[in-house]
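First up is the structure itself, then whatever we jot down about it.
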Amino acid sequence: MINGKKAANRSLRWGMIGGGGTSQIGYIHRSAAQRDGNFVLLAGAFDIDAARGREFGQALGVAPDRCYPDYASLFAGEAAREDGIEAVSVATPNNTHFAICRAALNAGLHVVCEKPLCFTVEEADELEQLSREKQKVVGVTYGYAGHQLVHQAREMIAEGALGEIRIVNMQFAHGFHNEAVELQSESTRWRVDPRFVGPSYVLGDLATHPLFIAETMLPQLKVTRLLCSRQSFVASRAPLEDNAFVMMEYDNGAVGTLWASAVNAGSMHGQKIRVVGSKASLEWWDEQPNQLRYEVQGEPVRILERGMGYLNPRALEEDRIGGGHTEGLFEAWSNLYRRFALAMDATDRRDTDFLQDFWYPDVHAGLMGVRWVAQCVKSADAGAVWVAC
Ligand code: NAD
């Protein structure tokens with residue numbers, strides 16, 4: 001159980017790029033990183049507008065001389081200080097991730113990067129290699145993957161509770177962009193512009209979340225080929241899709257489907273993962289994150305509640321309040337940041353034994369997401385054909 005003790009008995013000196021006062025995701029990064037004192041925010045280039053970023057940074061309690069106008073001056077300024085930052089989080093629009101992550105690694109920093117890590121497999125390969133060379137962590141914020149019940153599912157599947165895995169049914173299908181909301185909303189406008197998001201919208205923005213949760217639940221399964229069909233129901237978004245369907249085949253003979261959509265009118269979030277085995281199924285839905293449905297063929301449905309003693313120790317390890325009270329997005333993110341801190345600390349100590357089996361969404365997870373999106377785009381643009389993965 002987490003009780004607020006620092007995970008690695010120290011706080012990492014930490015900075016942020018992006019995540020400014022008007023951003024959607026910046027606060028969740030700060031809340032998760034600082035939740036248990038694992039990171040302390042000391043510097044930032046928080047905003048594309050330098051003056052607004054400086055004002056916001058100071059309002060967060062960052063010293064005025066450590067509120068930088070851009071990432072390059074942040075890395076240079078912090079490198080010149082004895083107490084410079086050790087880690088940085090990147091919460092800017094997608095087109096900037098690759099350049100900022102590369103610069104951060106070259107500056108000797110650990111990185112937490114938003115998804116998608118970058119646009120091309122070549123870029124992702126370069127970041128993976130650089131993180132190895134520099135011996136620095138790159139964590140990727142597939143936020144809900146830190147939820148305890150995702151890990152309960154992983155343990156149950158590993159123990160054989162479902163039997164042989166046959167079907168993985170994934171979706172992240174919300175309805176918030178069923179109309180051209182980008183005409184009014186700044187943070188939607190860049191999401192439907194290829195200059196900022198590269199080759200895809202919902203595949204890169206949404207689909208990789210349930211895909212990674214399924215990878216977390218089923219680490220032994222590998223996608224061998226996929227077929228993708230994508231649509232732009234709001235026509236002005238073409239060639240970027242606001243809806244996509246993907247069919248997948250796995251190396252054990254299982255099949256998967258993934259529905260990603262921003263035009264699922266009326267749906268709030270709609271991120272669900274259902275794993276079907278030969279004996280039973282498990283289903284987890286991010287809007288009801290405290291319950292994991294366990295359905296054994298021929299028996300009444302069982303609802304496994306977060307925080308209860310009957311769960312696997314791995315699912316209880318990162319609990320904060322026990323059963324009954326709700327935990328959700330903020331705690332799942334805090335669990336991830338706690339793991340990033342542990343991985344960074346162990347990497348600094350060159351503790352390879354610790355890192356060997358230590359789970360967190362790492363640079364390779366980022367690379368797998370980028371590769372999967374690239375193959376989806378290739379399939380869809382060739383007329384929805386099967387492509388190898
Ligand atoms: P946003 O448009 O709401 O905010 C972007 C922020 O970055 C703003 O503060 C902006 O001023 C700042 N910024 C832009 N360019 C910058 C630069 N070059 N240097 C410094 N600051 C810069 O975007 P958002 O919705 O917060 O998304 C940011 C990133 O987070 C995206 O990559 C998005 O895909 C990702 N995201 C992830 C999740 C998740 O669940 N993991 C959820 C939402 C967004």
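Atoms within each ligand, like the ligands themselves, are counted from 1 in listed order. Sequential numbering from 1 along the given sequence is applied to the chain's residues.
Two rings, from H269 and W285, have their centers 6.0 Å or more apart.
Between H29 and W333, the two ring planes are perpendicular [angle over 60°; tilted spans 30° to 60°]. Ring orientation note: the planes of F46 and F56 are nearly perpendicular, at an angle over 60° on the 30°/60° scale.
Ranking the protein heavy atoms by distance from atom 11 (O) of ligand 1 puts D47 OD1, 2.9 Å first. For atom 8 (C) of ligand 1, the nearest protein heavy atom (residue, atom name, distance) is S23 CB, 3.9 Å. Counting protein heavy atoms only, atom 44 (C) of ligand 1 is closest to R191 NH2, 3.2 Å. Closest protein heavy atom to atom 43 (C) of ligand 1: Q24 OE1, 3.4 Å. For atom 2 (O) of ligand 1, the closest heavy atom belonging to the protein is W190 NE1, 2.8 Å. Among all protein heavy atoms, the one lying closest to atom 37 (C) of ligand 1 is E114 OE1, 2.9 Å. Counting only heavy atoms of the protein, atom 16 (C) of ligand 1 lies nearest to T92 CG2, 3.7 Å. Protein heavy atom at the shortest distance from atom 41 (N) of ligand 1 is T141 O, 2.9 Å.
With atom 10 (C) of ligand 1 as the reference point, the heavy atom nearest to it among I100, N94, L336, I48 is part of I48.
In this model, no donor atom of one side chain and acceptor atom of the other lie less than 3.5 Å apart for Q171 and Q271. Side-chain atoms of Y337 and S89 form a donor-acceptor pair, as typed in the model, at a separation below 3.5 Å.
A distance-only check finds no donor-acceptor pair linking the side chain of R314 to the backbone of H151 [under 3.5 Å]. In terms of modelled atom types and a separation under 3.5 Å, the side chain of E128 and the main chain of L367 share no donor-acceptor contact.
Put simply, no part of F172 is less than 4.0 Å from ligand 1, judged by heavy atoms. Within the structure, ligand 1 has H209 among the residues with a heavy atom less than 4.0 angstrom away. Within the structure, ligand 1 has F46 among the residues with a heavy atom less than 4.0 angstrom away.
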